[in-house]
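Let me begin by presenting the structure, written as structure tokens, before commenting on it.
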Amino acid sequence: MTAGLQLGVIGSLALSVASSVAIVICNKALISTLGFPFATTLTSWHLMVTYCTLHVAQRLHFFEPKAIDGHTVILFGFLNGTSIGLLNLSLGFNSIGFYQMTKLAIIPFTVLLETIFLNKRFSETIKLSLMVLLLGVGIASVTDLELNLLGSVLSGLAIATTCVGQILTNTIQKKLKVSSTQLLYQSAPYQAAILFATGPFVDRLLTNRSVFAHKYTTPVVGFIILSCLIAVSVNFSTFLVIGTTSPVTYQVLGHLKTCLVLSFGYTLLHDPFTMKNILGILVAIFGMALYSFFSVRESKKKSTNDALPVSQMPDKETEPLLATKDGSDIKKANGVSHGC
């Protein structure tokens with residue numbers, strides 16, 4: 001990985017964390033303080049503003065649009081829009097603790113899908129670091145675990161659509177050689193459309209209130225506009241992070257955001273905080289540090305193998321012997337590695 005690419009990855013991670021924490025704080029004020037609980041409809045507005053912003057940027061030649069197969073982008077857009085709606089329904093029909101467990105389940109399910117369908121290999125050290133991370137976030141954020149059939153089905157569908165959507169975000173960018181901006185520009189209208197059509201009904205089901213009957217005071221409108229502007233950065237950085245790293249790394253980053261939001265909530269908003277929260281956050285941060293360390297180490301090892309001159313490559317006759325010795329199917333002679 002070149003220095004320029006490393007800086008780009010670090011920048012995208014930092015942008016994602018900063019914008020996500022900012023929008024959580026903004027939306028918490030909008031929903032809890034100002035009494036605007038229509039999260040699904042608000043997300044459709046986020047995506048509409050994101051598309052309009054990117055359209056203006058494209059007209060000003062900040063990026064060049066790239067045509068993507070219509071069926072692919074429509075399916076991708078609707079899938080991502082559906083996953084957002086399902087996550088909101090999961091939160092509405094489950095306890096907070098079970099919803100947090102749903103979010104935690106996204107990482108192992110993503111690992112499972114990538115292993116089965118993409119033949120991606122995750123080392124034991126990466127798996128261990130992810131287990132430590134999930135344990136920490138679970139300790140910090142999971143409280144009660146009330147189960148019900150409808151809520152469990154919605155959570156299962158939310159996990160499946162979210163994992164597949166994020167894997168496709170990474171796969172489409174790499175297979176079709178499109179940038180995160182180009183993919184977001186093409187898919188945002190379809191994501192916005194499905195949420196714009198279903199959002200009011202979902203919100204009515206969850207809150208028993210109509211978004212159209214809400215009283216839009218100046219502070220409410222102001223925070224909605226602010227939330228939409230921050231969402232442009234959130235949506236852009238989400239596609240950027242998944243495209244430059246991986247769906248699993250994006251989920252790890254998401255749990256870092258959870259820890260930061262808990263910390264900010266205690267520091268700025270004086271939310272209740274216990275030793276259990278502190279212990280969980282510390283364990284989660286340790287897991288993130290392990291994941292970062294092992295990921296960087298494996299990335300450097302892969303780069304070194306890829307950079308070996310032909311004269312240092314084992315010949316074809318020794319390939320099966322190497323594969324047998326290390327107990328894997330990886331052909332080191334070709335520098336092929338599916339490690340995270």
Under the rule for side chain to side chain donor-acceptor pair (under 3.5 Å), what residues qualify as partners of S20, not counting sequence neighbours?
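With sequence neighbours excluded, S20 shows a side chain to side chain donor-acceptor pair (under 3.5 Å) to K257, given in chain and number order.
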If every non-hydrogen atom of [X] is compared with every non-hydrogen atom of [Y], which pair is closest and at what distance?
{"X": "L206", "Y": "G92", "answer": "CD2-CA, 3.6 Å"}
{"X": "P108", "Y": "L134", "answer": "CD-CD1, 3.9 Å"}
{"X": "V211", "Y": "Y216", "answer": "O-OH, 2.7 Å"}

Do the ring centers of F223 and F36 come within less than 6.0 Å of each other?
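No, ring centres 6.0 Å or more apart.
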In terms of hydrophobic clustering (I, L, V, M, F, W, Y; side-chain heavy atoms under 4.5 Å; direct or indirect links), are [X] and [Y] co-clustered?
{"X": "L75", "Y": "V178", "result": "no"}
{"X": "V202", "Y": "V153", "result": "yes"}
{"X": "L260", "Y": "V137", "result": "yes"}

Under 3.5 Å, side chain of [X] to main-chain N/O of [Y], donor-acceptor pair present?
{"X": "D203", "Y": "T40", "value": "yes"}
{"X": "Q173", "Y": "F239", "value": "yes"}
{"X": "T162", "Y": "I159", "value": "no"}

Using a 6.0 Å cut-off, check whether atom CZ of F78 has over 12 heavy atoms from anything other than its own residue.
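Yes - once you tally the heavy atoms of other residues, nucleotides and ligands closer than 6.0 Å, there are more than 12.
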